[in-house]
Colleague: 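The structure follows.
Atoms considered below: every heavy atom in the structure, side chains included; atoms not considered: hydrogens, waters and symmetry mates. Quick note on labels: first sequence line is chain A, next is B, and so on, each numbered from 1. All values reported here derive from a predicted model rather than from experimental measurement.
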Amino acid sequence: MSRAAALFGLLALLGGGAAAAAEPAAPVAAAAGEAEIAAAAQAELERARALQLPGQPPPYFAAVRVSDLWSSTAAASFGALSFSATSPMRQARVDVRVGDYSLDNSNFAATSVDREGVAIVQMPTDADALALRRELWLSFDRAYKGAVEEFSARKSALEGRPPPTVGSFAPLAGPPVVRGAVPGRALRPDAAAARVTAMSAPLRGGEFEEGKALSRDYAGRRLLLTTEGTSTWEEVHGSVAVIEATVRTADGVRLRDARAWVARSQEEQLPTAALVAEVEEMAAGLLALRSAPVEPDYLGPVIFEDEAAVELFRQLLQPELGGTPPEEREPDPYGSPPEVTLSARVGRRLLPSGWSVVDDPLADPSAGGAYAVDHEGVPAQRVELVEDGVLKDVLMSRIPRKGAPASNGHARALGNDRMEALPSVVTVKPGRARSERALRRVALRLGREAGLPYVLIIRRVEPLGLTEDFEVALSGDGPLSGLTRPLEVHRLYPDGREERVRGLSFTGVDRRVLRDIAAAGPTGPARTVLDGPSGPARYSMGAIDGLRVSWAVPAVVVTEVELRAGGGPEPRSAPPPRP
Amino acid sequence: MTTPAARRLPLIALLGALLVAPARTGAAAGPGPAGPIDPADPLLSAAEAELDRLWTSLRARPEAPYFISYGLLDRVQVDIVATHGALAPVSTTRVRMGDVDLRVGSPALDNTHKLRDAGWGSEPERFWVDLPLTDEPFAVRHALWRATDDTYRAAVRRLLKVRGNDAVKVEREDQSDDYSSAPVEVDLGHVERLVFDPAPHAAALKAASARFLAHPAVHDSNVSLSVQDEIVWTLNTEGTRVRRQRWHLRLSVYARTTAEDGQEITVYDSVEARAPEELPDAAELAALVDAVAEKVTALRKAPVVDPYSGPAILRGRAAGVFFHEVLGHRAEGHRQKDEDEGQTLTDMVGKRVFPSFISVYDDPTLTDWGGVPLTGSYRFDDEGVRAERVDIVKDGVVKGFLMSRAPIASQGRSNGHGRRQPGEAPIARQGNLVIEVKDAVPYAALREQLIAEVKRQGKPFGLIFDDITGGFTLTGRGIPNSYAVQPVTVWRVWPDGRPDELVRGVDLIGTPLVTFERIIGGSDEVDVFNGVCGAESGWVPVSAVSPDLLVKEVEVQRREKNNERPPLLPAPAAGGAR
């Protein structure tokens, strides 16, 4: 154990967490041990080649990815710390594939076996190669046996049917990437605790029912080794802070607001004073919202601005850009072959004519989602996804699909998830960018044509990880909302006057509204969000989890969006305490 | 790495059963170094203020509460884990939480009343909240306000359902009230923060864990130390104010291997302590590691026993868990009232169910047994009621039940056994279960009696259950009332004088009433089992004290096993790949 760990343990016992320490704690950093980590990983990777069960194939590919970092997480309510933990973490993910590139065990949901060719293990943080090797030894053994079972199930599912027309794993298109060790950044262990304590303090006025801040900083490095010769070290670091507050109106309706700030590192996170200022502004808006008029059901043009525009595009566009095919499944008990439907479809119109979408992890190294090499060790590439509003190309990992046999360097995964292609740094450009005034004119004209006395401007929508509403993309008796709830909605009257309103949820929104964009402003600055693979799990990721993706999008006017009033009163039985 | 106890949690939660992790207890010693705590107790003051304010406010509501209680917890925990001579990160966590018991209606019928035939998910909602780590009065009060208000509204809604359900259903078999009165207790016992330096312990664990490297049969292993300093407050609108503190240290040794037939073999041993000074020294820890490693190695080669019935000895710790499962859970008060329960003992009060030489009682006020600390000890239960010794069986006759504040027809008051894991609703639970036998004999004589019984029954062998990993019992009516105790070490005893033979792969099973009658003797050697028990109100520390017991007939069944091949490659060796 490092001295820092021991000291922190003692301080926490004595003083109740990092925030209680009077002096800032010394920065912590991943302990020395690159040599031991690399040696252990290389030795067990080499030994894994010899894994073979009787009558079964040996691995044709194996990989080990070791994340070695410090993480600091803290939570606070009303200016008082409720959780604080800072600790090192060393986790390995091993991948084993049997078969060959054309057909292997991967990308297959084998319901008849309970293991897979991927294993995750927590490792000691000491620089002890033998102890690290023992953990990897058992992990490779488990993953190999899982891969064999998966492969058998997959061959069984294909028995009597035509072989797949696309391979299982794209061979490397170039020489394997080799990048040397990196030191890993230091982390200030008390920063997250100090941040959440300060951020939640403005909410202690007595009017708020909830006033929670949550933050996580992490810094370290990651090693990837494969039997193909890939050997990369990379720095990993990040910082996220979120705030959530609720108030209740006089008649008992609960109103909520939430914001998130995602940065590439602890150093690049907004200064605490700036975060506090944003919370104060949010708090004032939420208090004022209590007396705002309730918006009835609305059907008409909507202007999406600022963060709302980012959420509109990222929630609706991401599933259309990722080319990773869904996992194949085993046939059902009646032998019906499972259907595999690709979400992203080249040639589909996603946006109006003239629009373009580009994903480039390399263009701006300072962008939140930027990287040089993806999680499979493939060099990142710029991909021109949408031209003239039509999808021309898709983001790819090494899981191939028809028409896209190779990776373009967009594989990223959380935990033991499969290596799906995800967006990284996305720029959405309209064919014609109008001024803010022109956008409003368009919206008001559309509203007039629909017989509406005003139109709506939505400036903020719940960030995905902060939504309370899991119905967005799952199930429900009525139509799915399709988009997380709006947090800041204004009426825009023909005379230019704005009036904030409350009490709305989207209904029936899907990707088609993007084709229904009537006008757009210029592409704004990139905003970085946390995201994950498309699918239901994307809506329950957690507020501080996910992979960074940067989106630069324009404000837009959508011709017709439906929103419904909701959230009836449920008054409290007793008044809250006063500070 | 998961301990056996943690891996079993979902099963236990489902079945409402018990699981215990085996434990060895270190020598008793005085309290460890202490740190001062604010005598003003600002957390309690803030909670009291909010309890008073909300009591006044909610009493003005049309459906007013008749009782509110807060449970507060402040726990600091340090976890150190060493594997194969290397350390995982030392984890230090602090948790502060509060929960609310709020009752509307009346003690005769309130919102906690069971909804009959309502199925899963019909239990009263229980709200708990995270409390700030700092003594910030407003943040504490605000959190408790939200929890109380949420609880109140849920209680009013549920009371409406209770009244409807009670009207529709037939008359209850047990007409007792839902809640009983209890004496007001004010006991703000002195508390001192444990000051613990993890560094020397981490070094000791690291060195001890490296000893497993000398045992190639051990595939996976660790040595861990969990240190808990827990302060719990109970305060209610009747005026009770109780503050308790518990220092609990558990040093655990875990090893796993896979036998050639695919059975996964895990051996887990632990030492419980109440202060760092009670933990084993380096030599004792090394011996503990070696013993676990040798046991795993021996079990890997041991033969599997076929299903069998015949005479057996349960050594002290195994006997303690056996009684905990077979009798203890059936003596919990709420099971006598719940019409979904099997109620094995409900109508047995005053009747003989055991041989007359057996007596059983539960006494949480015992702190030690023969110098060994008992982890099931407490002075006040989680409802703020003073703990009492309860005679469950006296000379073979059922005398009474363990009671929380939920009364039953035959017992109208709590005897201080309302227990829970923080955040759960208290129910009657065991503390320190003590089994006593008359006419005890030395263990050697009991072993001779076993061999004689084997010969008398014409059985090929007898069994000795030396150590156990845990167990569970099923107490409901909808399923067979049965139990299973999972031994680690079982010895086959041959009547012809051959050496005892270590065997594996069986669980001890049976049904309660038949088993009670088949105990035919006990030894004068008493052992202590310290562990944790999981049931409807979560995990609580428990102890069982028992002599070795001779049972005329037990039944064993094959243990559930994996079918995993052992690792295909040899373990990596120091100095390079093999």
Colleague: Sequence neighbours left out, what passes ring-ring contact (aromatic ring centres under 6.0 Å, His included) with B:His219? Give chain and number order.
Modeller: none
Colleague: Between A:Arg204 and B:His142, does a side chain to side chain contact (heavy atoms under 4.5 Å, CB included) hold up when you go through it step by step?
Modeller: CA-CA 9 Å; A:Arg204 52 180 297 158; B:His142 197 282; over 6 Å; no
Colleague: Using non-hydrogen atoms and a 4.5 Å limit, figure out which bit of B:Arg61 sits close to chain A: side chain, backbone, both or neither.
Modeller: side chain
Colleague: Evaluate the side-chain proximity of A:Ser87 to B:Ser91: yes if any heavy-atom separation is below 4.5 Å, no if none is.
Modeller: no
Colleague: What residues, two or more places apart in sequence or in another chain, satisfy ring-ring contact (aromatic ring centres under 6.0 Å, His included) together with A:Phe208?
Modeller: none
Colleague: Return the option, out of A:Pro579, A:Pro576, A:Ser82, with the maximum number of heavy-atom pairs under 4.5 Å with chain B.
Modeller: A:Pro576
Colleague: Quick check on B:Asp74 against chain A: is it the side chain, the backbone, both or neither that has a heavy atom closer than 4.5 Å?
Modeller: neither
Colleague: Would a distance-only check, ignoring hydrogens and angles, find a side-chain to backbone donor-acceptor pair under 3.5 Å from B:Arg94 to A:Ser84?
Modeller: no
Colleague: Hey, are the side chains of A:Pro571 and B:Arg153 touching, using non-hydrogen atoms and a 4.5 Å cut-off?
Modeller: no
Colleague: Specify the closest pair of heavy atoms between A:Glu44 and B:Pro572, including all atoms of both residues, with the distance to one decimal.
Modeller: OE2-CB, 3.4 Å
Colleague: Looking at A:Thr125 and B:Ala88, what are the two nearest heavy atoms and their distance?
Modeller: OG1-C, 3.7 Å
Colleague: Under 3.5 Å, side chain of A:Lys145 to main-chain N/O of B:Glu564, donor-acceptor pair present?
Modeller: no
Colleague: In Å and rounded to the nearest 0.5 Å, what is the NZ to CG distance from B:Lys206 to A:Asp126?
Modeller: 3.5 Å
Colleague: Answer whether the closest heavy-atom distance between the side chains of A:Arg572 and B:Tyr152 falls below 4.5 Å.
Modeller: no
Colleague: Please rank B:Thr148, B:Asp130, B:Val95, B:Leu213 by heavy-atom pairs under 4.5 Å with chain A and give me the top one.
Modeller: B:Leu213
Colleague: Could you check B:Glu136 against A:Phe78 for side chain to side chain contact (heavy atoms under 4.5 Å, CB included), going step by step and ending with a plain yes or no?
Modeller: CA-CA 9 Å; B:Glu136 169 57 53; A:Phe78 303 114; over 6 Å; no
Colleague: How far apart are the C-alpha atoms of A:Tyr144 and B:Leu568, what are their side-chain angles, what is the distance that settles it, and do they pass the side chain to side chain contact (heavy atoms under 4.5 Å, CB included) test?
Modeller: CA-CA 10 Å; A:Tyr144 170 68; B:Leu568 302 177; 3.6 Å; yes
Colleague: What are the two closest non-hydrogen atoms of B:Pro570 and A:Trp137, and how far apart are they?
Modeller: O-NE1, 3.4 Å
Colleague: Quick one: pull up CG in A:Asp141 and CG in B:Leu569 and give me the separation to the nearest 0.5 Å.
Modeller: 7.0 Å
Colleague: Which pair of non-hydrogen atoms, one from B:Pro89 and one from A:Pro88, has the smallest distance, and what is that distance?
Modeller: CG-O, 3.0 Å
Colleague: Nearest 0.5 Å, please: how far is CG in B:Asp149 from CD in A:Glu209?
Modeller: 7.5 Å
Colleague: Tell me, for B:Leu54 versus chain A, whether the close heavy atoms (under 4.5 Å) come from the side chain, the backbone, both or neither.
Modeller: side chain
Colleague: What residue in A:Leu136, A:Asp128, A:Leu132 has the most heavy-atom pairs under 4.5 Å with chain B?
Modeller: A:Asp128
Colleague: Any idea which of B:Glu50, B:Met97, B:Arg96 has the most non-hydrogen atom pairs under 4.5 angstrom with chain A?
Modeller: B:Glu50
Colleague: At a 4.5 Å cut-off on heavy atoms, which part of A:Ser573 comes close to chain B: side chain, backbone, both, or neither?
Modeller: both
Colleague: Considering only heavy atoms and a distance below 4.5 Å, find which of A:Ala131, A:Ala574, A:Ala80 pairs most often with chain B.
Modeller: A:Ala574
Colleague: Is chain B contacted by the side chain of A:Pro54, its backbone, both, or neither, given a heavy-atom distance below 4.5 Å?
Modeller: side chain
Colleague: Under the criterion side chain to side chain contact (heavy atoms under 4.5 Å, CB included), I'd like the reasoning laid out for B:Thr83 against A:Arg134: C-alpha separation, chi angles, the key distance, then a yes or no.
Modeller: CA-CA 9 Å; B:Thr83 305; A:Arg134 286 192 70 103; over 6 Å; no
Colleague: Name the region of A:Arg578, side chain, backbone, both or neither, that has any atom closer than 4.5 Å to a heavy atom of chain B.
Modeller: backbone
Colleague: Sort A:Gln52 into side chain, backbone, both or neither according to what part of it lies under 4.5 angstrom from a heavy atom of chain B.
Modeller: backbone
Colleague: Please classify the contact between B:Arg146 and chain A as side chain, backbone, both or neither, with a heavy-atom cut-off of under 4.5 Å.
Modeller: both
Colleague: Chain A heavy atoms under 4.5 Å from B:Pro200: which part of the residue, side chain, backbone, both or neither?
Modeller: neither
